Amino acid sequence: MERRLTMCPSPPRRNGASAASNDDGGGRSAARVREDDSLAGVVAGCQRGEGAAQRQLFDRCHQNVYRLAVRMVGENDAEDLTQQVFLRVFTSIGQFSGRSRFATWLYRVTVNECLQHLRRRPRMEHQVLACDPADRATPYERRAEQRDLLENALRRLEPELRSIFLLREIEGLSYEEIAQSVDIPSGTVGSRLNRARRQLKAQLIQLGWEP
Amino acid sequence: MDCHEVRELMSAFHDGEAPADVRAAVSDHLGRCVACAEELDGFERLTAMSLALPDPQPPSDLWDRLEPWLRPAVRRSPAGRRRFVASLVAVAAVVLLTAGLGTWAYRTWLAPRSAHHVAMNFDRYLGALEGDPENAQRILLAAYGGRRVDADEAARRVHYRPAVANGLPDGYRLDAMYVLDMPCCTCVQAVCRGPGGGEVVIFEHSEDQPVWFGDRPRITANFCGNPTCIVQVDQRVAASWNSGGRRITVVGARDLKEVEQLAAHLGGGV
């Protein structure tokens with residue numbers, strides 16, 4: 001399925017290691033923040049405090065930030081979280097040295113803000129499905145049911161694992177990029193994704209999903 | 001490879017992050033092991049379900065709400081500045097003459113210190129406050145991890161009893177208290193209702209530090225023997241002074257008389 005594009009497409013990363021690792025072309029990998037010389041110039045402008053550069057950076061990146069925030073903290077808080085992320089970005093962009101990719105640094109700020117927000121907030125009540133899954137008969141309804149199930153299961157996943165899963169499956173980051181974004185050894189990304197996927201599957205089954 | 005080893009490598013294999021020789025060994029195992037093949041199938045289905053999630057779209061006015069926090073304060077007209085300064089001078093003279101507080105001085109606020117000194121930047125908050133007070137408060141809380149507390153919890157968080165917790169002048173009511181994780185320190189914010197029904201916000205910082213109101217016209221007056229920086233915010237006044245080694249900033253006072261009253265009550269002297 002082709003994901004709606006927020007940035008210009010970049011070459012797909014996957015190399016077909018398994019049946020599901022298909023080249024999704026204009027799909028997930030196209031949702032990444034495009035890193036090129038123009039972005040470097042925009043970042044430099046932001047570091048000089050230029051308002052136009054700040055607007056450009058916001059325009060290029062805010063959908064990625066918002067999408068991750070929605071999945072991490074919910075739609076109600078995602079707007080405030082997104083604003084908070086960009087406030088942090090623009091006040092601390094002078095600390096971005098350019099040694100890593102800017103997207104990695106941006107995701108790091110986003111994940112940190114989301115995790116801090118979740119630590120401060122009382123645990124959310126789990127959303128109750130609108131209707132009995134058995135009532136949904138058409139393929140469209142079954143797909144909608146699966147989306148609801150996955151969103152519910154994601155909310156039940158512990159935040160640190162949720163962030164890693166989302167950075168991989170939604171934002172399309174490599175293991176090295178994920179490691180930099182959440183500040184963990186790159187060698188542990190695979191094992192954490194194993195945990196995330198197995199826990200998600202268990203939650204889905206508990207919610208009525210039939211594997 | 002056995003099942004335990006393959007399970008450890010399952011995500012790396014599924015995500016194309018495993019080296020070629022490892023992929024070959026895992027593939028060989030998957031061809032012979034139903035359980036591991038089913039697990040990989042489960043990972044693949046999760047990926048497919050993730051790709052099918054809708055892409056949430058941010059509100060179109062997100063930048064408009066963020067931008068006031070990023071730009072310098074809107075410059076007022078030179079004529080407006082002169083009128084404001086003249087009116088403040090007149091009012092300040094009357095207040096000080098009446099109260100017998102002695103001399104006052106007019107000078108511009110010192111330029112902000114270097115980046116190594118953390119200053120409470122009220123410029124952005126005041127800029128947003130003039131246009132949309134509710135949104136300004138929301139952004140303030142979002143930007144600094146604001147959390148609503150009572151006086152006792154505020155005291156526990158900041159390790160001192162906030163001045164507001166000792167009571168407000170007659171006619172004032174405390175509506176809400178928050179703690180904010182500012183870059184400088186954990187700050188206490190008290191949102192109050194004044195005698196006329198207007199909102200007055202009181203910030204208290206644990207350290208005596210400079211505050212930055214942007215390039216708004218300002219004066220410095222002496223209240224209770226304490227230099228107090230005063231600026232205009234729309235039709236109201238913001239003021240900031242040191243109090244016992246801490247910094248108190250009031251936003252939303254009607255006039256200097258109210259600033260004087262609050263300074264005397266909250267602690268305007270060392």
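Reminder, nothing fancy here: chain letters follow the sequence lines and each chain counts from 1. None of the values given here were measured: they were computed from a predicted structure.
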So which of B:E38, B:E39, B:R147 has the biggest tally of heavy-atom pairs under 4.5 Å with chain A?
B:E39
If you look at every heavy atom in B:L51 and A:E169, which pair is closest and at what distance?
CD2-O, 4.4 Å
Looking at B:E17 and A:Y175, would you say the former's side chain and the latter's main chain have a donor-acceptor pair under 3.5 Å?
yes
Look at the side chain of B:S50 and the backbone N and O of A:I170, then say whether any donor-acceptor pair between them is shorter than 3.5 Å.
no
For the CD atom of A:Q54 and the CD atom of B:E67, what is their distance to the nearest 0.5 Å?
8.5 Å
Report yes if the side chains of A:R71 and B:P56 come closer than 4.5 Å at any heavy-atom pair, otherwise no.
yes
Side chain to side chain contact (heavy atoms under 4.5 Å, CB included) assessment of A:R168 paired with B:H14:
CA-CA 11 Å; A:R168 172 60 212 164; B:H14 169 66; over 6 Å; no
Identify which part of A:L154 has an atom lying under 4.5 Å from any heavy atom of chain B, answering side chain, backbone, both or neither.
side chain
Can you find a heavy atom in the side chain of B:M10 that is under 4.5 Å from one in the side chain of A:L193?
no
Kindly compute the distance separating CD (A:E151) from CG (B:L53), expressed to the nearest 0.5 Å.
5.5 Å
Quick one, B:M49 and A:L204 - any side-chain contact, counting heavy atoms below 4.5 Å?
yes
Find the distance between OH (A:Y66) and CG (B:D55) and round it off to the nearest 0.5 Å.
10.5 Å
Roughly how far, to the nearest 0.5 Å, is the CZ atom of A:R198 from the OG atom of B:S11?
7.0 Å
Start with the C-alpha distance between A:V189 and B:D15, add both sets of side-chain angles, then the distance that settles side chain to side chain contact (heavy atoms under 4.5 Å, CB included), and finish with yes or no.
CA-CA 11 Å; A:V189 174; B:D15 295 325; over 6 Å; no
Quick check: closest heavy atoms across A:E79 and B:L62, and the distance to 0.1 Å?
O-CD1, 4.1 Å
Are B:R7 and A:N194 close enough, and set up right, to give a side chain to side chain contact (heavy atoms under 4.5 Å, CB included), and what steps lead you there?
CA-CA 8 Å; B:R7 280 175 56 84; A:N194 285 337; over 6 Å; no
Please give me the minimum heavy-atom distance between A:R197 and B:T47, naming the atom from each residue.
NH2-OG1, 4.3 Å
Which label fits A:F90 and B:W63: parallel for a plane angle under 30°, tilted from 30 to 60°, or perpendicular past 60°?
perpendicular
Residue selection (most heavy-atom pairs with chain B, distance under 4.5 Å) from A:R55, A:K201, A:Q84, A:R88
A:R55
